[in-house]
Amino acid sequence: MSRDWEVVIGLEIHTQLATRSKIFSGASTAYGAAPNTQACLVDLGYPGVLPVLNEQVVRMATCFGLAVHAEIARRSVFARKNYFYPDLPKGYQISQYELPIVGRGELFIEDDDGNEKRIGITRAHLEEDAGKSIHEGLDGYSGIDLNRAGTPLLEIVSEPDLRSAKEAVSYMRKIHSIVRYLEISDGNMQEGSFRCDANVSVRPRGQKELGTRAELKNLNSFRFVEKAINFEVERQIEILEDGGTVMQETLLYDSDKDETRPMRSKEEANDYRYFPDPDLLPVEIDDAYIEAVRASLPEMPDAKKLRFMKEYELKIEDAAILTASRALADYFESAALAGGGSAQAVANWVIGDLTGALNKEGLDIERSPVSAAQLAGLVQRIDDNTLSGKLAKEVFDGMWAGEGTADEIIAARGLRQISDSSAIEAVVDRVIQANPTQVAEFRAGKDKLIGFFVGQVMKETGGKANPGVVNKMLLDKLSG
Ligand code: ADP
Ligand code: MG
């Protein structure tokens, strides 16, 4: 990318709230049901029916607002956003416009240079999702599935503070981690429970005014967000460098072709004729309510990261990885507390071998076949020298395969490391005696041969001799 252009991005993230019923009706929000089996008269937009606000969404939005240090509106108002689309039978979406429940807030990400950077949150408002049009498998017709209609969404709008596709992704990951910590959304991106629109513009570096933006709709993976923004930035720079102007428009990202293409020209807010919904009362909440919600909040990722660095003396990178998800953090912490072994060693195993094995099998940490207590038992046996690094991996594989605790596997497979020096000495002496030529060469300066001797000792002990002890003893005897 050319150095003369500065990239400016603001995200609108739609996160589906994890309520059991819809935002204004009692229909279920469960994903994957047969079309139109979870849409009641309210969701179908029948005339004369009345919406009733689901109290849980107010609590969830308040949780989110407090977690990003935002102002919580004591009074917020639902508005009608009017437009026509087949998946919106009422002809309007109920949203919040002038008075959203969550006002200005902030969070911190790592920027491209690894420094902490503040990203402003403009607002977060509650709204209902629309239904879905279905075009596949209907023999030339389109179908409408209204199961999703009325599903509660929290739309989180950022300030145009992001300066690269990578920053946009770290911001989105941060929001994802926050809503998952709060357990207000399952964050499932494949099912569309967490998706975003990216507003992208460029401007000559140093210019104050923002450039004209394009809005990339409905990006539902971190990878697509990054690729779509990068594509769009290149496209805009090319237009501007050719002397053209960027149009304000709404674009769709095609992940198969890795390109953006026009969807429609951008509508203005007044096209929607927003007005307060006369069917719904304003939402009024008081300080006592807000304080009760605050008291219920779990420890958030940033606080947990700092605590892990302090209490377990973890490196900042490791603490960041482990606290990105609450489940992973809980796993690490229960292993570290159960251990008696070193917490950093536990962290290394969780981040390294365990995460590797989970990724390979496509499993979440919640489904790990190796429990936190088992992993703690393994690290303990490394710390007390029962296991070498190599044997530990073998024990880990055994635990993964369901063979039991570290101690059970060590006993069953006979994996105890030999650290007893008299036992090792006998083998070392035998190896030295059996290889006079190599001994002479080593003493004449061929240092590399130490590997050969260590290898011989390991072979004789079936890989169980403590490598540190073997090395030292060989060096002593060979140079002596
Ligand atoms: P709308 O609701 O029409 O999409 P908003 O003004 O509420 O528009 O802005 C939506 C998002 O676009 C916000 O995240 C904001 O930060 C971002 N944004 C606004 N102007 C620009 C711009 N020139 N370049 C990049 N992002 C922008
Ligand atoms: Mg928008």
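In listed order, ligands and their atoms are each counted from 1. Note that the coordinates shown come from a computational prediction; the quantities given were computed from them, not determined experimentally.
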(Q) Quick one, Glu127 and Gln93 - any side-chain contact, counting heavy atoms below 4.5 Å? (A) yes
Q) Does Lys81 make a cation-pi contact with Tyr274, if we ask for NZ or CZ under 6.0 Å from the ring centre and within 45° of the axis? A) no
Q) When only distance counts, is Pro160 in polar contact with ligand 1, meaning an N/O pair under 3.5 Å? A) yes
Q: Please could you name the atoms of ligand 1 that Val157 approaches to less than 4.0 Å, counting only its heavy atoms?
A: 13 (C), 14 (O)
Q.
As an exercise, identify every atom of ligand 1 less than 4.0 angstrom from a heavy atom of Gly211.
A. 23 (N)
Q: Show which atoms of ligand 1 fall inside a sub-4.0 Å distance from at least one heavy-atom site of Glu159.
A: 16 (O)
Q: Only heavy atoms count here, so choose which of Ser158, Cys196, Gly120 is nearest to atom 14 (O) of ligand 1.
A: Ser158
Q. Quick one: do the Gln344 and Asn348 side chains pair a donor with an acceptor below 3.5 Å?
A. yes
Q.
Can you check which of Glu215, Arg213, Arg203 brings a heavy atom nearest to atom 8 (O) of ligand 1?
A. Arg213
Q) Does one side chain, of Gln16 or Ser185, offer a donor that lies under 3.5 Å from an acceptor on the other? A) no
Q: Find all atoms of ligand 1 within a distance of less than 4.0 Å from any non-hydrogen atom belonging to Leu11, and give their numbers and elements.
A: 14 (O)
Atom pairs and distances, side-chain donor-acceptor, residues 52-61, under 3.5 Å, sequence neighbours left out:
from, atom 1, to, atom 2, distance (Å)
Asn54, OD1, Gln56, N, 3.0
Asn54, ND2, Ser21, O, 3.3
Asn54, ND2, Ser21, OG, 3.4
Asn54, ND2, Lys22, O, 3.2
Gln56, OE1, Arg59, NE, 2.9
Gln56, OE1, Arg59, NH2, 3.0

Q.
Heavy atom to atom 17 (C) of ligand 1, shortest distance: which of Asn199, Thr212, Val7 holds it?
A. Asn199
(Q) Testing Arg307, Lys305, Arg326 one by one against Glu299 for a salt bridge (Lys or Arg N to Asp or Glu O under 4.0 Å), which residue passes? (A) Arg307
